[in-house]
Structure formats: structure tokens, C-alpha cells
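In what follows, chains carry the letters A, B, and so on, assigned in the order in which the sequence lines appear, proteins first and then strands, with residues in each chain numbered from 1.
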Amino acid sequence: MALVRAHILICTGTGCTASGAKDVLAKFEQELKAKKLWDEVSVVETGCHGFCEAGPLVIIYPEGTFYTRVKVEDVAEIVDEHILKGRVVSRLLFKEPMTSQKVPNYSDIAFYKKQHRLVLGNCGHINPDSIEEYIGAEGYEGLAKAVLTMTPEQVVEEMKKTGLRGRGGGGFPTGMKWMFCAKSPGPKKYVICNADEGDPGAFMDRSLLEGDPHAILEGMAICAYAIGADEGYIYCRAEYPLAIKRLKQAITQAEEAGLLGKNIFGKDFSFTLHIKEGAGAFVCGEETALMASIEGGRGMPRPRPPFPAVKGLWDKPTNINNVETFANVPYIFRVGAEEYAKLGTEKSKGTKVFALTGKINNTGLAEVPMGISMREIIFDIGGGIMDGKKFKAVQIGGPSGGCIPEQLLDTPVDYDSLIAAGAMMGSGGLVVMDEGTCMVDVAKFFLNFTQSESCGKCTPCREGTKRMLEMLIDITEGRGKEGDIEKLERLAKSIKAGALCALGQTAPNPVLSTLRYFRDEYEAHIYEKRCPANVCTAFIGYKITDKCVGCGLCKTVCPVDAISGEPKGKHTIDPEKCIKCGACMVKCPFKAIIRG
Amino acid sequence: MVEKTLEKSWEQLNQLLESYRCTKGSMIPVLQQAQEIFGYLPKDVLIKISKELDVAISQVFGVVTFYSQFHLEPRGKNIIRSCQGTACHVRGAKAVLDAIRERLGLKDGQITTPDNEFTIETVACIGACGLAPCLMINDDTHGRLTAESVAPMIDKYYNNKK
Amino acid sequence: MAIKSLEDLRKIKNESQLQTKARKNNDTQVIVGMGTCGIAAGAREVMAAVLEELSKRGLNNVAVLQTGCIGMCQKEPLLDIVRPGEDRVTYGPVYPADVPRIIADHLVNGIIVEDLVVAKIPNKE
């Protein structure tokens with residue numbers, strides 16, 4: 001086996017592939033072969049680094065140089081300069097948005113420096129299609145330790161000691177969940193991994209499934225051993241084709257290695273795994289709906305109790321955890337519960353992965369210890385707000401969560417503090433909004449989502465969200481009336497109290513939290529008929545400023561002929577004819593058209 | 001020619017149903033694969049599935065209409081899934097969607113072009129939020145879109161007639 | 001590849017780590033001068049010899065790096081050895097035949113091969 005002196009790690013996760021990583025990969029192979037370097041350098045496809053914004057990402061070891069936005073045209077230069085001559089190609093290095101400084105080394109970038117990558121530790125650093133590399137990173141040692149040296153009862157106890165809480169949103173203690181299922185009598189039990197990541201704005205599960213699929217398998221196998229299950233399902237969204245491909249590959253490899261299947265580690269413990277592809281329904285992220293979908297029916301929730309731990313899939317005791325929860329398990333069993341519990345706060349242990357998106361400089365995945373402040377996540381890791389604008393709020397927890405305004409940015413991020421602030425951890429999507437975002441519009445957006453994803457089984461959710469949405473549409477379109485805010489609040493409370501499942505119970509949260517912190521924006525829409533952020537089209541108009549040079553482009557693009565003006569002279573918009581489509585503003589090469 | 005491919009599709013469907021006989025919970029995978037074969041789910045196919053799996057046709061119809069993945073009408077050769085998730089929304093996904101619709105010449109309510117080249121649908125999130133606004137064309141994900149950049153991208157798929 | 005015990009698992013782990021070791025930062029380094037002049041003088045062959053020797057000896061905790069021209073073209077090919085806590089030593093001209101001796105004496109045993117030394121850069125610690 002020849003020694004390899006350098007490793008070129010190329011991210012081929014969904015984000016980087018969309019930016020052209022596959023072509024970059026092919027070009028590296030071609031260049032290295034042409035320069036006869038193919039035998040001494042290894043090219044590795046990795047999973048997502050969680051920094052999709054800067055993709056395609058290429059990392060070169062042993063130096064650990066981090067190249068961003070690498071294009072096919074750059075490859076020859078990297079090979080010539082870096083691989084051959086050892087000179088860093090500085091124009092491709094990452095530039096810190098706050099300081100404009102170039103950073104050559106992966107571990108020195110502020111985005112990664114403040115993170116504590118425990119669950120995402122392997123993502124981007126090993127080849128997800130190779131079980132050997134996973135084992136090389138101490139993979140399957142946790143399973144070995146559990147199966148070979150512990151009884152199932154001890155495994156459950158160990159989980160309880162970690163204080164780990166479900167990462168899918170609810171935050172229920174995982175050890176307790178396992179214990180309930182372990183105590184349910186019956187020869188047949190199931191383990192299910194909920195990989196139906198439906199929250200718009202969250203993609204940590206996709207990243208984990210693509211970048212470290214074996215960790216999920218190992219976590220599920222440990223759970224199966226603990227509760228006495230011999231069969232499991234991974235319910236994954238069909239929108240994640242790459243994740244499904246890598247999971248299938250990982251299952252085959254683990255079966256061949258004897259780490260899944262019959263008599264694992266020579267013991268009386270067997271576990272087989274199946275993959276079920278979701279068919280596109282947000283509500284299937286709810287555990288009872290998910291099971292109904294695996295059984296082949298409409299994915300609708302049912303009342304609990306009985307809880308899945310007693311009566312779950314095909315009426316057998318079932319334990320369901322989310323992808324990130326399972327991804328924590330191998331690490332826990334490698335280092336022990338006590339070591340794990342040192343991280344985080346008293347009631348929220350370990351780390352949490354957040355998906356940073358929206359109007360922020362460094363979009364991507366950030367894994368941080370529980371208890372860190374929101375300000376650190378957004379400004380230190382996320383690099384602040386795009387285009388130097390002012391921060392307004394961050395929406396946490398997707399359509400079930402709430403927003404956190406400027407004055408609460410120092411809130412520690414843990415399950416209980418977030419609930420106290422009127423938001424929730426949810427799956428960990430963080431959508432950052434700046435002064436140009438209208439909070440009523442955001443609330444309308446989320447309600448539109450929950451309303452169209454409501455399964456229709458219970459009335460409060462089906463009818464209630466529809467009525468709330470209608471009111472919000474009226475408010476944003478200038479038909480808001482006195483009393484609307486109070487009506488919204490009353491309806492929100494009824495839905496929260498009356499809906500059958502978590503989707504419905506949490507659906508009003510975005511409205512309630514925006515009302516709590518940005519009531520003045522609602523009032524401006526209703527009473528003053530204006531949108532403070534200049535977003536809602538009913539209240540805005542378009543104007544042409546003195547920057548206009550009279551090129552006439554806006555005139556040609558206007559669908560209703562509302563723009564007039566002589567060539568080379570300043571043009572004007574007739575507000576009577578204007579339908580506020582905004583096409584002229586997009587088209588203007590001189591940025592002479594503004595909203596307001 | 002058309003008849004021949006249709007005949008072949010039915011043959012594939014028979015094989016598919018055979019392979020799932022006696023497997024519990026098989027309705028959704030069967031429907032997913034049947035849709036792969038036919039491109040959509042015609043009435044005859046649903047009737048056939050209902051008979052073979054011994055499930056009432058109403059139940060099959062209930063499942064098909066519940067999930068957004070299943071389609072009862074023929075669809076275009078290229079499927080565009082325009083993401084309207086939160087991250088895409090705040091970064092201007094609406095303008096991108098409008099630009100695509102304009103490029104394809106779709107009227108209100110229309111989702112498939114008359115020449116059956118493209119179908120456009122909106123999805124809540126495709127998990128590429130770091131590159132918002134983004135979309136998928138068939139299995140390719142494209143990100144960092146603007147209203148100007150989408151039109152030439154779509155044209156590429158026009159030329160790539162399958 | 002059926003894994004039936006912890007030993008089986010550890011064996012695969014160790015084999016796999018040999019391959020991925022280069023992805024960690026190592027304190028022990030072999031640095032080959034790869035400027036245009038170095039390559040013209042035969043640095044590529046020296047690099048190949050280094051890799052061959054390291055793999056023969058199973059030395060996988062050594063980082064093999066390259067550097068650009070340091071302006072001493074007449075002494076190319078240049079090769080540096082860095083051992084943690086010791087002075088950095090530059091050798092030149094180095095030919096593939098010299099590589100096994102430098103690696104055996106200096107890199108492994110810490111004895112500097114004086115007859116090939118061009119310069120020593122004192123350790124800062």
C-alpha cells in the first residue's frame with residue numbers, strides 16, 4: 001500500500017454539488033493523472049461541511065488549507081501551485097466577512113472556531129461511502145461496548161444519565177423514552193429514525209445522513225439493543241436523494257461487516273434496517289403520522305396515549321428518535337455518559353446543531369454547546385448580517401417556533417430559556433431577518449405553510465389556521481380592521497389548546513411571538529396602512545430617482561405600460577397604472593428605481 | 001411505438017406488484033414505483049393496484065391525494081421544483097418563481113407547459129438553504145439564483161431534450 | 001470482512017487510520033523544495049523516494065509537505081527535516097539515493113546527516 005502524502009477532500013454534499021462540485025472532482029482526477037500525481041495524492045469525496053454558502057469546498061491535507069468557491073478553472077492552478085509546489089492559492093481562501101481577512105486554515109475560520117463539532121465531527125472529514133473510514137474514526141466502538149460489555153438495562157441507564165433530550169423539537173429526555181419502550185412487554189419491537197426533515201430552513205439532518213450515515217445506523221443499533229428490537233426503519237424524505245443513496249450503501253456495508261443483521265458481535269442480538277421514502281407531507285414528521293405512513297396509509301396523526309412506546313408501528317412497541325438524536329448516541333457510548341453530560345447546561349446537555357440561514361453572512365451548520373448565547377451564534381459564527389444591515393429578529397424552530405428580537409439576543413440557547421422567550425428549539429433552524437423583513441409577512445408565510453400542510457383531521461387546525469391566514473392576508477393587503485389583532489390572539493389560543501398533534505398546537509406560535517415583540521408592525525399595517533419594512537406590496541409604490549439615465553429598459557419590461565419618459569431623460573412611473581410587480585426595479589442597471 | 005412502450009409499462013407494473021405481494025405496508029412504495037414507470041398515476045393503474053393489493057380503490061385514492069408526491073395528471077419531461085422555504089422566501093424566491101413562469105409562458109394556474117417539456121411546482125424546502133434561493137430541476141439542485149440567472153439555466157434543459 | 005469481536009473492529013480501525021493519518025497535522029515533517037528550479041533539479045524524484053521510504057518503514061505519522069523556492073537554487077533539490085522541539089535542518093543537494101539515509105538517521109534516530117546539511121534554522125521554543 002503506497003503512502004499517500006496529501007489528501008484532497010472535496011465536498012459532494014447537496015449544496016456543493018449544486019454549485020458544481022462534481023465537475024471540480026472530475027477535473028482534479030484529470031489534472032492529477034496528467035501530472036502523474038495520482039498515486040501520491042488521494043482524492044476523497046466527503047459529505048457536507050455545513051458551510052454550503054462557500055461551496056464548492058476543497059480542503060487539502062496535511063496543511064488543512066481551506067479553499068472556497070472552487071471552480072473547474074481553478075483546479076489546474078491548485079494542482080500546479082499547491083500540490084506540486086506547496087504554495088497556497090491565496091485568492092481562493094476564505095475571507096472573513098467581518099474583518100475581510102483571508103484565512104488559510106480550516107480550523108482558524110471564525111465560523112468553525114467557536115463551534116464544538118461532536119455530532120458533525122465526521123461530516124466533511126471522512127468518506128461517507130467507506131465503512132472503513134468510519135471505523136477508523138472510532139466508529140462502531142460504541143456499539144461494540146454496549147453489546148459486548150453491557151446489559152440492555154445498563155444501556156438504558158447510561159442514556160438516562162446523559163440527560164440527552166430529543167433533538168427533533170419536543171426535547172423529551174431520550175433515556176426516558178428508551179426506558180418506556182424497553183419496559184413494554186412483547187417479543188416484537190421497532191426502532192424508527194425520523195429523517196423526514198420538513199422544517200423549511202433546517203438541513204442538519206440531511207447533512208448528517210449524507211456526511212456520516214454510519215453514525216445513524218450505529219445509534220439505531222444501540223437503541224435496538226437497549227429496548228429489545230430486532231427491526232428498524234429510517235423514514236427519509238424523498239427530496240433527499242443523495243441521503244437515501246448513501247444510507248442504502250451504508251446499510252449494505254454494515255450488513256456485510258456483520259454490524260447489522262443476525263448475531264451482531266456473535267451475540268444473541270439481531271437487527272435489520274429498512275429505508276422508507278416519504279412522499280411529501282410535512283405532518284409525517286409527527287411520530288404517529290409517520291408510523292401511519294410507513295404502514296401505507298394517509299399520514300395522519302392519532303391521539304396519544306397510547307404512546308408509540310406501548311402501541312406503535314403495526315401496534316407493536318416502537319421507539320422513534322430524530323436523526324440528530326441518534327447521531328449523538330455513538331459518541332455517548334464511546335466516551336461515557338458522565339463525560340457527555342459535562343457539556344451544555346444543567347437541563348440541556350450536549351450540543352445542538354443549528355442551521356443558519358436568511359440574511360446572514362455565513363450560512364451553514366453550526367454545532368455549539370447548549371447554553372451559548374444567540375448573539376454568539378449569529379455574530380461570531382454567522383459573521384453578522386449581510387450587506388451591513390441591521391439585525392431585526394431571528395426565527396427559531398421553523399413554522400412551530402417563534403422569533404427572538406434584538407433585545408433578547410443574549411438569551412442562552414437551551415430548551416427552557418427559549419420556551420420562556422416564546423420560541424422553541426424545534427429542529428434548530430435559525431432564519432435571520434434584517435430591517436428589510438416585514439414580520440407580519442413572515443407570520444403570514446409560516447401560517448400559509450402550516451395551513452397547506454395541515455392534514456385536515458382535526459377542526460382547530462384545519463379551520464383555525466385557515467381563518468388566521470385569511471386575517472393575515474387582509475392585514476398585509478390593506479384590509480385590516482380594528483380588533484383583528486385581538487381576534488388573532490383568541491383564535492391562536494384555541495388552536496393551541498384544541499389541536500390534535502404538535503403541528504397544530506404549535507402552528508400559531510409564529511403569530512403569537514411576532515405579536516409579542518413586533519405588535520407595532522401589525523398596528524402600522526392596520527391603522528396607518530403602511531408596511532414599515534416596505535415589503536407588503538399593497539402599501540408600497542415604486543419611484544425613479546435622479547440616478548436614472550433614461551436608458552428605457554424599465555419601460556420595455558413594464559407589463560402595463562406605466563412608465564413613460566424620453567430616451568436619455570428621466571423616466572417616471574404612473575402610480576395609477578403601476579401594479580407593483582417590481583420588474584422594473586430588477587431590470588434597472590443603474591439601481592435608479594426604489595421602493596417606498 | 002407509443003402502444004409498445006405502454007405495453008411494456010404494464011408489464012413492469014405486473015412485475016412490481018408481484019415483488020410486493022404479501023409485504024405489509026407496501027402501498028406507498030408501489031405507488032412511488034408505479035409513478036416512476038408511467039410518469040404519473042392514471043386511473044387504470046390505480047384500479048389495478050387496488051385489486052392486486054386488495055385495498056379499496058377509495059383508500060388508494062385517499063393516499064394518492066394526501067401526499068404531494070403523487071400526481072393524477074401527466075407531467076412535463078422536466079420537473080422544476082422551486083423552493084419556497086423560509087430561507088429562500090427571505091432571499092427572494094418569489095421573484096425567481098415569477099421569472100421562471102414568465103420564461104415558460106405559463107398562465108395563472110397552469111403548471112405544465114403545453115408542449116409537455118416542463119412542469120413547475122413549489123416545494124417547502126429542499127434542504128439547500130445555504131444557497132437560497134434554490135430549486136431542483138429533475139435531480140439537479142441549483143442555488144444562488146436570481147431572476148436573471150434562471151432563464152438561461154432553464155433553456156439548457158430545453159436544448160437537452162431527452 | 002465479518003466483524004465478530006472488538007479485536008476485529010480495532011484491526012480495521014488501525015488499518016484505516018494508516019490511510020487517513022495524513023489528514024491530521026503532524027509535528028514531524030519532511031519538506032521538499034518544489035520551486036521551478038527544484039523540480040528542474042529532480043525534486044519530483046526525491047519526493048517519490050521519500051514516499052517510498054516512508055511507506056516501506058510504515059512511518060505514517062510524518063507529514064510530507066512541499067515548499068516553494070527559497071532562493072538557494074544552486075543547492076537544489078532541497079529537503080528539510082523538522083522534528084518536534086528540534087532545529088529545522090535543510091539538506092541539499094539531495095538525490096533519491098540519499099533519501100533512505102536521511103530518513104533513517106535523522107527522521108527516525110535524530111542524528112543529523114552532517115555531510116549534506118546546507119543550513120539549520122534554530123527552533124524557536
Original post:
Are A:R206 and A:F203 in a cation-pi setup, meaning NZ or CZ lies under 6.0 angstrom from the ring centre and within 45 degrees of the ring axis?
Top reply: no

**OP:** Identify which part of B:T146 has an atom lying under 4.5 Å from any heavy atom of chain A, answering side chain, backbone, both or neither.
**Re:** neither

Original post:
Is a donor on one side and an acceptor on the other found under 3.5 Å between the side chain of B:T113 and the backbone of B:E117?
Top reply: yes

**OP:** Find the one option among A:G55, A:G20, A:A355 whose heavy-atom pairs under 4.5 Å with chain B are most numerous.
**Re:** A:G55

**OP:** Heavy-atom pairs under 4.5 Å with chain B are the metric here; pick the option from A:G297, A:G364, A:P241, A:G429 that has the most.
**Re:** A:G297

Subject >> Pick from A:C284, A:A238, A:G50, A:G299 with the largest number of heavy-atom pairs that fall under 4.5 Å of chain B >> reply: A:G299

**OP:** Return the option, out of A:R237, A:E197, A:M433, A:Q395, with the maximum number of heavy-atom pairs under 4.5 Å with chain B.
**Re:** A:R237

**OP:** Name the orientation class of the two ring planes belonging to B:Y157 and B:H142 (parallel below 30°, tilted from 30 to 60°, perpendicular beyond 60°).
**Re:** perpendicular

**OP:** Please determine, among B:A87, B:A95, B:G62, B:P29, the option with the most heavy-atom pairs under 4.5 Å with chain A.
**Re:** B:G62

**OP:** Heavy atoms only, distances under 4.5 angstrom: which of A:G358, A:G278, A:A281, A:G15 has the most pairs with chain B? Name it, please.
**Re:** A:G358

**OP:** Heavy atoms only, distances under 4.5 angstrom: which of A:S293, A:G13, A:C48 has the most pairs with chain B? Name it, please.
**Re:** A:S293

**OP:** Kindly compute the distance separating OG (A:S454) from CG (A:L447), expressed to the nearest 0.5 Å.
**Re:** 10.5 Å

Subject >> Geometric class of the A:H274/A:Y233 ring pair [parallel <30°, tilted 30-60°, perpendicular >60°] >> reply: tilted

